[in-house]
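Only heavy atoms go into these numbers, but all of them, side chains included; no hydrogens, no water, no symmetry mates.
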Amino acid sequence: MKLLEQAGLRVLRHVDPEAAHGLALRALQLGVATSPGLVTSDRLRCEVAGLRLTNPVGLAAGFDKNATALLGLSRAGFGFLEVGAATPRPQPGNPKPRLFRLTEDRAAINRFGFNNDGMEAIAARLAKRPRDAIIGLNLGANKDSEDRAADFARVLAHCGKWIDFATVNVSSPNTEKLRDLQGKAALAGLLAGVMQVRDGLDRPVPVFLKIAPDLTPGELQDVAEVALSSGVDAVIATNTTLDRDGLRSAHAQEKGGLSGAPLFEKSTRVLAQLSVLTEGKLPLIGVGGVGSAEQAYAKIRAGASAVQLYTAMVYGGLSLVEDIALGLDRLLARDGYANVADAVGTAREDWL
């Protein structure tokens, strides 16, 4: 980690977490954040759901909700970016404070509630996006919508022209009853509407499904069956958790979704189980607690074709992206893999 970045992180830790996040985005907009540029190798280059990635380390949704820092993020070493979640209409989200650092646990709890500028403003920014990056959009539903399932399709119809993939997010714990859409019948109907819109786009894009880590084995089985039958192109496992076991920080009992280091084992176990249930027929993207090259490698060997980061950057800075990608390259070389795709699922049984 660069000295300037270390100093910046120390300062930001004394600032309200949501305000600190805004400052980080502003630094990216101004071009003063870490910018290693392209991070790639023959081992790291891969294809996931038809997307050709320079490396398999991506940015998780929620960091750049409103697509305001696309240029800076595209130069930060990521193999792909996911912005949003975007809803049809702008909404303020839940009352503040709604983001909490759990420093002792290297974690965070948020209850943002899909705060965003709405699909029209976000689409206008995506229209000016850097063309040399892979950029996807997390689709959401308005809190007061009469038809939340239809909201996902509406956002895709409006923004689909400007993105490389779309993620159906029915797994956020911060919009009341949103996770009910993960039920088998509801999820099948929702995805049918999204896929119909996708197929009508001038340039159809891959559709991903993001799931919660708190599903029962039966619920996970249902999600796997719907994912396979609906035609989605990949599954992202997982979103934040409601679990609070083993936390030490003062804010441990705040309401919202927990992300960061404590989520790693739980989310990786769900990832491995999903890999078995889908029989390798769908690419999986592992997210939840990735803070090192070793953890990224563990997700891949558990069944992920790519991984995503967010909370770890609160503690490790943006240079963590390059560190993880280059470290992953070294681990693949150490174990004799010519390409990251060759390592996918090779240690899945360790998590079952």
Side-chain angles (χ1 to χ4, degrees), residues 1-2 5-6 9 34 36 38-46 48 53-60 63 76-80 82 102-108 213 236-241 243 245-248 258-276 283-352:
M1 188 189 300
K2 295 178 175 64
E5 185 179 40
Q6 288 179 329
L9 287 173
T34 302
L38 187 66
V39 179
T40 193
S41 72
D42 289 342
R43 278 182 291 268
L44 294 176
R45 277 188 287 271
C46 56
V48 178
L53 309 180
T54 54
N55 71 64
V57 182
L59 175 70
F63 184 87
F78 290 107
F80 62 108
E82 185 178 343
L102 281 67
T103 304
E104 295 87 347
D105 300 297
R106 295 186 74 81
I236 300 177
T238 65
N239 211 319
T240 58
T241 182
D243 194 350
D245 287 350
L247 298 180
R248 298 172 294 157
L258 172 73
S259 60
L263 182 56
F264 177 77
E265 289 196 12
K266 184 172 191 173
S267 62
T268 307
R269 196 172 301 112
V270 170
L271 169 72
Q273 292 167 349
L274 190 63
S275 179
V276 171
L284 306 179
I285 297 172
V287 57
V290 176
S292 68
E294 289 77 14
Q295 289 175 318
Y297 191 40
K299 293 272 191 191
I300 289 164
R301 297 193 69 209
S305 295
V307 300
Q308 289 179 313
L309 317 178
Y310 180 173
T311 303
M313 295 188 296
V314 173
Y315 301 100
L318 198 60
S319 63
L320 190 62
V321 181
E322 182 183 19
D323 292 345
I324 289 177
L326 295 179
L328 179 59
D329 186 70
R330 289 191 293 270
L331 291 168
L332 292 166
R334 181 198 69 186
D335 291 348
Y337 292 113
N339 185 263
V340 63
D342 300 329
V344 174
T346 54
R348 184 174 64 186
E349 287 73 18
D350 294 348
W351 294 92
L352 299 178

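A side-chain contact (heavy atoms from CB on, under 4.5 Å) with Phe78 is found for one member of Thr54, Leu59, Asn55 and no other, namely Leu59.
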Audit row: Gln273, Leu352, side-chain contact (heavy atoms from CB on, under 4.5 Å) steps and yes/no | CA-CA 7 Å; Gln273 292 167 349; Leu352 299 178; 4.0 Å; yes

Check the pair Phe80 / Val48 against side-chain contact (heavy atoms from CB on, under 4.5 Å), numbers first and verdict last.
-> CA-CA 11 Å; Phe80 62 108; Val48 178; over 6 Å; no

Decide yes or no on side-chain contact (heavy atoms from CB on, under 4.5 Å) for Leu258 and Leu263, but give the supporting numbers first.
-> CA-CA 7 Å; Leu258 172 73; Leu263 182 56; 5.6 Å; no

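Listed here is the closest heavy atom pair of Val290 and Ala312: O-CB, 3.2 Å. Across every non-hydrogen atom of Ala304 and Gly286, the tightest pair is CB-N, 3.6 Å. Between Gly303 and Leu284, the shortest heavy-atom distance links the atoms O-CB, 3.8 Å. The minimum heavy-atom distance between Leu332 and Ala343, with the atom names listed, is CD2-CB, 3.9 Å. Summarising the geometry of Asp105 relative to Gly246, their closest heavy-atom pair is OD1-O, 4.2 Å, with the distance given to 0.1 Å. Closest approach of Trp351 and Arg269 over heavy atoms only: O-CG, 3.2 Å.
For the pair Glu5 (side chain) and Leu318 (backbone), a donor-acceptor distance under 3.5 Å is present. Listed for the Tyr310 side chain is no donor-acceptor partner under 3.5 Å among the backbone atoms of Gly260. Judged by distance alone, with hydrogens and angles left aside, the side-chain atoms of Asn339 form a donor-acceptor pair with the main-chain N or O of Arg45 at under 3.5 Å. At distances below 3.5 Å, not a single donor-acceptor pair connects side-chain atoms of Gln295 with backbone N or O atoms of Phe264. In terms of modelled atom types and a separation under 3.5 Å, the side chain of Asp329 and the main chain of Thr40 share no donor-acceptor contact. Proximity of a side-chain donor or acceptor of Lys299 to a complementary backbone N or O of Gly288 within less than 3.5 Å is detected.
Separating the CG atom in Leu331 from the CZ atom in Arg301 is a distance of 10.0 Å, to the nearest 0.5 Å. The CE atom of Met313 sits 8.0 Å away from the CG atom of Leu320 when rounded to the nearest 0.5 Å. Rounded to the nearest 0.5 Å, atoms CG (Leu328) and CG (Asp323) are 12.5 Å apart. Here the straight-line distance linking atom CG of Asp350 with atom OG1 of Thr268 works out to 11.5 Å at 0.5 Å rounding. The CG atom of Leu102 sits 6.0 Å away from atom CG of Leu247, with the distance rounded to the nearest 0.5 Å. Atom-to-atom distance recorded for Asp243:CG and Ser267:OG is 11.5 Å, nearest 0.5 angstrom.
Looking at Val307 and Ile300, their side chains come closer than 4.5 Å, going by heavy atoms from C-beta outward.
Summarising the local packing, CD of Glu265 is surrounded by 12 or fewer heavy atoms from other residues, nucleotides or ligands at distances under 6.0 Å.
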